A.B. asks: 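Below is the structure I would like to discuss, written out as structure tokens.
As the structure is a prediction and not an experimental result, all values here were calculated from the model. Numbering of ligands and ligand atoms starts at 1, following listing order.
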Amino acid sequence: ANDTMEKSLESKFAALKSQGLQIDLTRGKPGSDQLDISNPLLNSQVPSHSPSGVDVRNYGDPLGISEARSLGASLLSASAETTLVGEQSSLLLIYQLILSNYLFGLKTPWKDQADLKFICPVPGFDRHFRLLEDFGIEMLPVPLTGTGIDLEVFNGLLAEHENIKGIMCVPRHSNPTGDIYSDENLAAIMHAGKAYSDEFLFIFDHAYLLHDFLPSANQTPTWELAQSIGADDQAAVFCSFSKVTFGGGGLSFATAGKPLFDLLARQRASMIVCPDKVNQMRHLEFLKDKEGVLEHMVKHADIVRPKFEVAFDALDVLSPAIGNYQKPTGGYFISYDAKRPIAKRVIELCKELGVLITPAGSTYPHFHDPLDSNIRLAPTFLRTEDLKDAMEVFVTAIMIAHQELD
Ligand code: PLP
């Protein structure tokens with residue numbers, strides 16, 4: 001029976017190869033149909049003055065115009081006084097927050113301390129790892145469980161290590177696993193981090209806060225939770241419009257406890273006189289308020305959902321004996337875990353068949369996936385026909401690589 005299966009996989013491989021596919025499944029970016037729904041931004045008339053009378057064409061208001069700060073605050077369930085509007089990238093704001101702690105800190109600059117460490121949920125977002133690596137911060141991986149991080153491992157690391165400066169995590173539709181952290185998990189993280197040190201930072205990257213495409217688990221707004229626990233002075237929450245309107249053309253938002261907020265604002269003031277208030281005004285005209293943003297996100301969900309369903313249908317053909325994935329209900333990724341150490345081989349096979357997949361290891365600090373088993377798939381950018389082909393290639397490659405180890 002094995003021989004027959006091997007034969008049929010071989011002929012399948014040959015048939016797929018003869019198609020000469022050229023498909024890129026690596027990019028977690030919106031499809032052009034998604035970008036189209038924000039096209040009114042391209043042609044909008046932007047008033048020269050904000051409703052509160054600020055001339056958006058000029059310098060000033062380094063933290064953003066008040067209406068944009070209020071919009072960010074309402075999305076993050078926070079106060080506008082400690083919410084700022086940055087440029088287009090929330091990653092930049094996170095970088096600046098780390099930089100400000102590194103250079104100045106709330107008590108002692110991190111640069112004057114030895115052996116800096118950070119807790120990193122895995123599989124995770126490669127740019128978080130890269131950012132921490134830039135500062136020479138050691139990354140301590142903690143596995144995700146489906147509803148947040150493994151608390152036993154987390155608490156073990158806190159007990160074992162000194163000078164852990166914080167955790168950087170994506171509480172909703174985590175990239176790439178799709179984890180929605182439960183309130184219990186987030187509360188436990190904050191309680192333990194607070195008990196560990198009053199300088200332990202909670203960096204919540206809410207990149208996919210608004211990006212549900214299927215009914216999703218309820219979650220208390222992270223900022224409210226931080227406040228109720230009294231962890232807000234150690235917490236910062238970020239989100240952006242990169243996958244709401246245009247990549248690199250949206251707005252970014254940060255909320256933080258007062259001391260951290262002031263530290264970030266001070267650091268930013270050395271770099272930039274003020275953000276693009278014209279773009280803030282343009283977004284306010286287009287999206288109006290939180291309601292408007294949520295309505296807009298329904299349009300994204302309706303475009304994205306069928307693509308994820310194509311990917312789910314393809315993956316569901318694979319037996320759980322070969323590998324697993326958790327169906328995300330939002331976000332931009334699917335995280336596949338093979339049972340055997342075949343991630344590198346699968347990606348190589350896909351490449352041979354003309355399908356590019358994110359390099360194996362990308363979802364781990366220093367590209368080191370200890371089991372060589374995790375693969376990140378990004379279905380949104382492709383046209384449906386290409387996605388179907390790419391998924392067929394992926395599934396075939398998984399089966400071949402799995403069988404090669406028999
Ligand atoms: N954070 C996460 C978890 C992401 O997946 C992404 C984009 O892929 C970003 C941040 C980047 O966001 P921004 O464009 O606002 O910098």
Side-chain angles (χ1 to χ4, degrees), residues 24-31 34-35 38 64 68 71-72 75-76 83-99 118-134 139 144 148-149 166-181 202-213 219 222 236-255 264 268 271-272 275-276 279-280 283 287 293 297 300 304 308 328 330-335 358-359 362-365 374 376-381:
D24 186 345
L25 193 60
T26 62
R27 318 301 294 273
K29 34 185 211 181
Q34 285 177 266
L35 301 174
S38 298
L71 174 61
L75 295 173
L76 295 170
T83 300
L84 64 78
V85 191
E87 298 70 41
Q88 83 282 22
S89 163
S90 58
L91 193 65
L92 177 62
L93 291 178
I94 298 173
Y95 204 107
Q96 289 168 336
L97 184 76
I98 296 291
L99 180 64
F118 239 80
I119 301 282
C120 293
V122 291
F125 178 39
D126 53 349
R127 305 238 177 191
H128 286 168
F129 305 145
R130 224 174 112 158
L131 186 168
L132 293 167
E133 206 178 341
D134 279 359
M139 293 173 264
L144 286 159
I149 62 168
I167 181 171
M168 193 179 292
C169 66
V170 185
R172 191 168 184 82
H173 308 306
S174 187
N175 171 357
T177 62
D179 276 53
I180 297 176
Y181 288 50
F202 306 103
I203 299 185
F204 298 115
D205 177 355
H206 254 313
Y208 303 108
L209 178 65
L210 311 164
H211 302 66
D212 299 4
F213 56 73
Q219 197 177 41
T222 308
V237 189
F238 301 84
C239 72
S240 86
F241 285 162
S242 287
K243 294 187 183 97
V244 173
T245 58
F246 298 144
L251 304 175
S252 62
F253 303 97
T255 274
L264 175 62
R268 278 175 53 78
M271 295 184 170
I272 189 156
D276 181 351
N279 200 31
Q280 293 178 14
H283 275 78
L287 296 167
V293 174
M297 293 315 289
H300 279 293
V304 159
F308 274 87
Y332 268 68
F333 301 100
I334 299 171
S335 172
T358 313
S362 299
T363 52
Y364 283 79
N374 184 254
R376 186 185 91 168
L377 302 172
T380 54
F381 184 59

A.B. asks: Apply the test ring-ring contact (aromatic ring centres under 6.0 Å, His included) to residues Y364 and F129: give CA-CA distance (whole Å), side-chain angles for both, the deciding distance (0.1 Å), then the verdict.
C.D. replies: CA-CA 8 Å; Y364 283 79; F129 305 145; 7.7 Å; no

A.B. asks: List the closest protein heavy-atom neighbour of atom 14 (O) of ligand 1: residue, atom name, distance to the nearest 0.1 Å.
C.D. replies: S242 OG, 2.6 Å

A.B. asks: Of all the heavy-atom pairs spanning L264 and L97, show the shortest one and how long it is.
C.D. replies: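 Closest heavy-atom pair between L264 and L97: CD1-N, 3.6 Å.
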
A.B. asks: Under 3.5 Å between any N/O of L92 and any N/O of ligand 1: does that happen in this structure?
C.D. replies: no

A.B. asks: Over all heavy atoms of both residues, which pair between P171 and Q219 is shortest? Give the atoms and the distance, please.
C.D. replies: O-NE2, 2.9 Å

A.B. asks: In ligand 1, which numbered atoms sit nearer than 4.0 Å to a non-hydrogen atom of S240?
C.D. replies: 13 (P), 15 (O)

A.B. asks: Is the shortest distance from a heavy atom of K29 to ligand 1 less than 4.0 Å?
C.D. replies: no

A.B. asks: Please report the interatomic distance OG1(T245) to CG(L251), rounded to the nearest 0.5 Å.
C.D. replies: 7.0 Å

A.B. asks: Suppose we call two aromatic rings close when their centres sit under 6.0 Å apart. Are Y332 and F381 close by that rule?
C.D. replies: no

A.B. asks: To the nearest 0.5 Å, what is the distance between CG (L99) and CG (L131)?
C.D. replies: 9.5 Å

A.B. asks: For F118, does the CZ atom have more than 12 heavy-atom neighbours from other residues, nucleotides or ligands under 6.0 Å away?
C.D. replies: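 Buried by this count: over 12 neighbours within 6.0 Å.
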
A.B. asks: Show me which atoms of ligand 1 lie under 4.0 Å from any heavy atom of A207.
C.D. replies: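 What qualifies from ligand 1 is 1 (N), 2 (C), 3 (C), 4 (C), 10 (C).
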
A.B. asks: For V170, counting its heavy atoms only, list the atoms of ligand 1 lying under 4.0 Å from any of them.
C.D. replies: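 Every atom of ligand 1 under 4.0 Å from some heavy atom of V170: 3 (C).
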
A.B. asks: Closest approach of G86 and L93, non-hydrogen atoms and distance?
C.D. replies: CA-CD2, 4.2 Å

A.B. asks: Quick one: does ligand 1 sit under 4.0 Å from the side chain of R127, the backbone, both or neither, non-hydrogen atoms only?
C.D. replies: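 Within the 4.0 Å criterion, R127 makes no contact with ligand 1.
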
A.B. asks: Looking only at heavy atoms, is any part of S90 under 4.0 Å from ligand 1, and if so is it the side chain, the backbone, or both, or is it neither?
C.D. replies: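 Answer for S90: both.
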
A.B. asks: Tell me which protein heavy atom sits closest to atom 8 (O) of ligand 1, plus the residue, atom name and distance to 0.1 Å.
C.D. replies: K243 NZ, 2.9 Å

A.B. asks: To which protein heavy atom is atom 6 (C) of ligand 1 closest, and what is the distance rounded to 0.1 Å?
C.D. replies: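 Checking every protein heavy atom, the shortest distance to atom 6 (C) of ligand 1 gives F125 CZ, 3.4 Å.
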
A.B. asks: Decide whether the shortest distance between a heavy atom of Y208 and an atom of ligand 1 is less than 4.0 Å.
C.D. replies: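 In this structure, Y208 qualifies as a contact of ligand 1 - some heavy atom is under 4.0 Å.
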
A.B. asks: Ligand 1 versus D205, non-hydrogen atoms closer than 4.0 Å: side chain, backbone, both, neither?
C.D. replies: side chain

